[in-house]
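Just so it is clear: chains get the letters A, B, ... in the order the sequence lines come, proteins before strands, and each one is counted from 1.
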Amino acid sequence: MAKNSKKTFYITTPIYYVNDMPHIGHAYTTIIADALSRHKKLAGYDVFFLTGTDEHGQKIEKAAAQKGMTPIELADQVVIRFKNLWKTLNISYDYFIRTTQDFHEKGVQKIFLKLKEKEVIYKGVYKGWYCVSDENFLAEDIPEDSDGQKTCPDCGKKAGQVSEECYFFKLSAYQKKLLDFYTSHPSFVQPQSRMNEVVSFVRQGLKDLSITRTTVKWGIPVPDDPKHTIYVWFDALHNYLTGIGYDLNLASFEKFWPATVHLIGKDILRFHAIFWPAFLMAADFPLPETVYSHGWWLKDETKMSKSRGNVLDPHLILDVFGPDALRYFLLREIPIGLDGNFSHEGFLHRVNSDLANDLGNLAQRTLTMIQNFFGGKIEKIAKERDIDKQLRLAFVSVKNKVFRFYEAYAINRALEEIWGYINQVNKYLAENEPWKLANDESQKENLGRILYQAASALRGISFLIFPVMPESSQKIWDYLGESTPIEKESYATLKFDGFSLGKKIRKPKALFPRVKLKDFLAEEKSKTVQIPKEGHMDYITFDEFKKIDLRVGEIIKVEKVEGTRKLLKIDVNIGTETRQMVSGIADEYKPEDLVGKKLVVVINLKPAVIRGIESQAMLLAAEIDDKAIIPFFIEDVPAGAKVK
RNA sequence: GGCGGUGUAGCUCAGUAGGUUAGAGCAUGCGGCUCAUAUCCGCAGUGUCGGGGGUUCAAAUCCCUCCACCGCCA
C-alpha cells in the first residue's frame, strides 16, 4: 500500500463514556487534540483527528434503566450533548466514532477471533469479588478489609468471592516484549515521568487479563459464544483502529495507522501504555508512536468529581466569552503534562489581560488608526527603516520558535512566544507614535509604513494563534481585508509582507470584551443549578412550593446585552409593574419574536446583577441539550395572573 | 513500606555539561502617552533559590541527610 506522499498525523482523544455529561475535562483533552490537529494541517500534514464515545458496559445499562430508557436511547442523548459542545468549541474532528456502530463491533469481533485462534485469548475461570446487590464485580485494585473480605465501594455492602467462566488475554506473555519496547522507544509515553510509572508497573509482573463478562449484556458478544460479552476495555481501545476504517476501509486504515499520538488523561494511562500495545502486538499491528498523558484541571485547588459536585460545566464560560477564550486559557495556563488550577478569578484575569488588553487592544488600535488616518486603505508607504525591519525579522524568528513549540506539543510555550511578540508590536507603536504623525500631511508615507508594519505583524499573529483560537484568528484575518480562509495559508507560505497595500480594512469591533469579575461571578451564581443525584428525588413540601411566586408575564421590550452572545435584557409586564430580567436565550430566540408573548416568570427570586444589569425576575424554560425552550401561553391570559 | 517527582520573588513558574550583581509573567508603586476595550509604553523594587552538612577557587545547579507536598505501586 503506497502511503500518501504527504506526512500523516493521526491523533485521538479517548472515547468518552456516555454515563457522564461533558465537562471541562472532556473539553480540555479535545481542545488539545484540536489545536495540535490544526497546527499539523498548517504544517502540511495529512491529519486525521478521531474522537467519539464509549457506549457499552454495565454502568450504561444501569443508568439507562434508572431513567426508563434503553441503553442506546441514553447513549443517543448524551452523544448529542458531546457533539453540540464540540461544535460550540469549534472542534474540527474528522470522525466521531461510537462503539455501538456496527462496523466497530464487527472489527472488534474479528480481532477477538484472530487472537483466539492464535491462543492469545483463552477460556478460563475468573475469580473475583462480586457485589450481589449491585450485580457487579469489584475492581481488582480495591483493597481487602481487615477481615480479608472486600467491600463494594458503590453500596458499602460486603462482597462475596465468586468464580465465573470468562475469556482471558495472555498479558503475562508480553511482559518482556513490552519492556523491550519501552527501552527501544523511550518517548512512547509522555511526559517522561509517566513512562517511569509504566515501566515500574510492568516490571512488577503482569497477570492475564479477563476481557469478557457473562454478567453484562450491554456490549459486543463474543463471536461463536454469545453468552459472553466483551468487556469494555478490549472493546473501547480498538476504536482507534475501527475509527479510521479498520476492516471496512483498509486504504484509509493503512494510510493513518499507526497513530501518531493517543491523547489521554492520566487515569487511563495503564490501559493505553500497557494493555493497548500488548493487544496490538498480539494482533501484529504496528504500535502507536506516543501516548501522551495530560494533567487534570482542579477547581479551586480541589479535584473535580461528580460526588463532590464541583464539576465545571463549560457552558457558562462559553456563553459569556465564546470558545476562544476558554481554548486559550486551557492551553496557555499549563504545559500539557501538568495539573492546573481552574478558578474563575484566574480565568478572568488571564483572559482580560492577555486577550482583551494585549491582543484585542492591539488589533483594535491598529485597525482603528488605519481607518481614521487612511480611510481604511493604505496606498503608499515610506521605505523600511531599521526599526521597521527589526519588527519584520523578529516575526520570522518568532514564527520559527512557535512552530517548534507546537511541534513539541508545548502549546503554552508557543503562546508565550506569540504574546512576547504582541508586546513588541505594542512597544513599536508606542515608540513611533503614529497618532502624532497623523497631524502632519508631509508624514503621510512614514505613517503609512508604521501602520503597514503593525498590520503585517497583526496578520502574522492571527496566523500563529489559529491552532488555539481559530475563530478570533479568522476574524482578525478578515478585518485585515483578507478574503480567504486562514487554513489556506501554511507555515511555508505565510509571509510577513503578505498584507498588501490598497486592501480595504474592515471596521473593527472589540474582539475580546473585558468582563468585570463581580459581573461574571454573579452570572455564574445565577446559573448554578443543583442537579439531583441520579435515582434520588429531593421532594419539597407544598408549603415550600407555595413560596415561589409564579406569574404570567407579558414581554414588552427585548434587547441584546452588549458584549455577550447569549444574554437578552427583557422588560416584562407582571400586571402591577414592569420588571427587567436578563436571560441567556439569545441563541434560541430573536428579540423581535419575543415581544408580545406571554410566559411564566418567577417574581420573588432574589434579584441578581448580571453583566451590570439587575435581573428582577426569571423566566421558565426547558433545557434540552443546552438549548432553552420557553413555554408560552396559547390562550389570552392577563399579565400578572398567578400560576400554580 | 517500595519507586519516582517537586519545594526559587506576594502568586504562577523558568533557570543543571557549577561561573560575573538569580530571571519572566501577573500583582504592587511611580512616571509617560492618548491611536486604542480605563487600554499601551517606561522605571522601581522585594528572594537566607525548603532546612542542615559536604565537594569545589566557585553551587539554585553535584553528593549526603532531614522536613514538607505530590504521583505510581503494595
Side-chain angles (χ1 to χ4, degrees), chain A residues 140-144 189 191-207 265-270 273-274 293-296 298 300-303 321 325 329 332-335 337-343 345-374 376 387 405 410 412-413 415-439 443 447-448 450-451 454-455 458 472 479 505 507-517 562-564:
Chain A
E140 297 266 346
D141 53 9
I142 291 166
E144 285 178 11
V189 174
Q192 192 59 44
S193 56
R194 298 286 158 199
M195 179 55 125
N196 298 340
E197 288 176 13
V198 168
V199 170
S200 69
F201 184 87
V202 175
R203 281 222 182 98
Q204 285 174 31
L206 295 173
K207 278 188 282 185
K266 57 188 179 181
D267 54 329
I268 52 176
L269 178 63
R270 201 185 299 170
I274 301 173
S293 154
H294 66 70
W296 294 132
L298 312 175
D300 298 321
E301 310 288 346
T302 45
K303 194 177 167 182
F321 296 92
F329 178 81
R332 167 64 181 78
E333 198 72 359
I334 52 168
L338 298 183
D339 288 349
N341 184 46
F342 196 106
S343 71
E345 289 85 348
F347 173 81
L348 200 68
H349 190 260
R350 166 79 56 201
V351 163
N352 276 341
S353 141
D354 292 6
L355 297 186
N357 295 356
D358 294 345
L359 175 57
N361 184 54
L362 172 63
Q364 189 74 6
R365 67 196 303 209
T366 305
L367 295 166
T368 307
M369 279 191 277
I370 296 178
Q371 199 65 241
N372 292 349
F373 305 155
F374 289 93
I387 189 170
F405 281 132
N412 63 321
R413 301 294 301 280
L415 290 170
E416 265 175 52
E417 200 62 47
I418 298 169
W419 256 256
Y421 189 64
I422 290 173
N423 292 340
Q424 209 176 323
V425 183
N426 269 325
K427 191 174 169 181
Y428 170 87
L429 287 175
E431 282 171 356
N432 285 287
E433 301 182 306
W435 48 91
K436 284 192 178 160
L437 303 186
N439 302 320
Q443 293 291 326
L447 176 61
I450 294 164
L451 294 182
L458 186 60
S472 312
Y479 281 139
I505 296 301
K507 220 176 171 177
K509 248 191 273 169
L511 283 165
F512 307 101
R514 279 183 74 85
V515 176
K516 286 196 187 114
L517 181 65
E562 274 310 307
T564 68

Reading nucleotides 26-36 of chain B from 5' to 3' and marking B where a protein heavy atom lies under 4.0 Å of the base, S where only the sugar-phosphate is that close, and - otherwise, the string is SS-----SSBB

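Residue-to-nucleotide proximity on RNA chain B shows that, of A/Arg350 and A/Pro335, the 5′-proximal contact is made by A/Pro335.
The CZ-C1' distance, from A/Phe342 to B/U12, rounds to 16 Å in whole Å. Between the P atom of B/G2 and the CZ atom of A/Arg203 lies a distance of 18 Å, rounded to the nearest Å. Nucleotide B/U12 holds its P atom 13 Å from the CG atom of A/Leu298, rounded to whole Å. Rounded to whole Å, the distance from CG on A/Leu338 to P on B/A14 is 8 Å.
Base-pair partner of B/C49: not found among the strands shown (Watson-Crick or G-U wobble, both distances under 3.5 Å). When both pairing distances are held under 3.5 Å, B/A44 makes a Watson-Crick or G-U pair with B/U28. B/U21 makes up no base pair with any nucleotide shown, lacking Watson-Crick or G-U wobble contacts both under 3.5 Å. Nucleotide B/U55 is matched to nothing when pairs are restricted to Watson-Crick or G-U wobble geometry with both distances under 3.5 angstrom. In this structure B/U39 sits in no base pair that meets the Watson-Crick or G-U test at under 3.5 Å. For B/C3, the paired base is B/G71 (Watson-Crick or G-U wobble, both distances below 3.5 Å).
Between B/C67 and B/C40, the distance separating the two P atoms is 47 Å to the nearest Å. The gap from the C1' atom of B/A9 to that of B/U28 amounts to 12 Å, rounded to the nearest Å. On the C1' atoms, B/U56 is 16 Å away from B/C64, given to the nearest whole Å. For the P atom pair drawn from B/U20 and B/C62, the interatomic distance equals 16 Å after rounding to whole Å. The separation of B/U6 from B/G23, taken at their P atoms, amounts to 23 Å, rounded to a whole angstrom. Nucleotides B/U8 and B/U65, compared at atom P, are 22 Å apart to the nearest Å. Rounded to whole Å, the C1' atom of B/A14 lies 14 Å from the corresponding atom of B/C26. Comparing the P positions of B/G51 and B/A68 gives a spacing of 15 Å, expressed to the nearest Å.
The side-chain heavy atoms of A/Asn341 and A/Ile334, taken from C-beta on, include no pair separated by under 4.5 Å.
A/Lys427 pairs by the salt bridge (charged side-chain N to carboxylate O under 4.0 Å, His left out) definition with nothing, not counting sequence neighbours. In this view, A/Asp354 and A/Tyr328, A/Arg332, A/Arg350, A/Asp358, A/Trp419 satisfy the side chain to side chain contact (heavy atoms under 4.5 Å, CB included) rule, not counting sequence neighbours. Listed by chain and number, the residues in a side chain to side chain contact (heavy atoms under 4.5 Å, CB included) with A/Ile387 are A/Arg385, A/Tyr428, A/Glu431, A/Asn432 (sequence neighbours excluded). Residues that satisfy the salt bridge (charged side-chain N to carboxylate O under 4.0 Å, His left out) test with A/Lys509, not counting sequence neighbours, are absent from this structure. Take A/Glu417 and apply the side-chain hydrogen bond (donor to acceptor under 3.5 Å, both in side chains) test, not counting sequence neighbours, and it matches no residue. Partners of A/Lys266 according to the side chain to side chain contact (heavy atoms under 4.5 Å, CB included) rule, which considers only residues two or more places apart in sequence or in another chain, are A/Arg194, A/Ser293, A/Trp296, A/Asp339. Looking at residues two or more places apart in sequence or on another chain, you find a ring pair (Phe, Tyr, Trp, His ring centres under 6.0 Å) between A/Phe329 and A/Trp297, A/Phe342, A/Phe347.
Atoms CD and CD1, from A/Glu197 and A/Ile274 in turn, are 10.0 Å apart once rounded to the nearest 0.5 Å. In this structure, the separation between CG on A/Leu458 and CZ on A/Arg365 is 11.5 Å, given to the nearest 0.5 Å.
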Taking only nitrogen or oxygen atoms into account, show me every contact under 3.5 Å that the protein makes with nucleotides 42-46 of chain B, one pair per line with its distance.
unit_1	atom_1	unit_2	atom_2	d
B/G42	OP1	A/Lys427	NZ	3.4

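The one candidate from A/Leu367, A/Ile370, A/Ile505 that meets the side-chain contact (heavy atoms from CB on, under 4.5 Å) condition with A/Leu451 is A/Ile370.
One finds no side-chain N or O of A/Arg194 lying less than 4.0 angstrom from the OP1 or OP2 phosphate oxygen of B/G71.
Residue contacts shown for A/Leu511 include a base, since a base heavy atom lies under 4.0 Å away.
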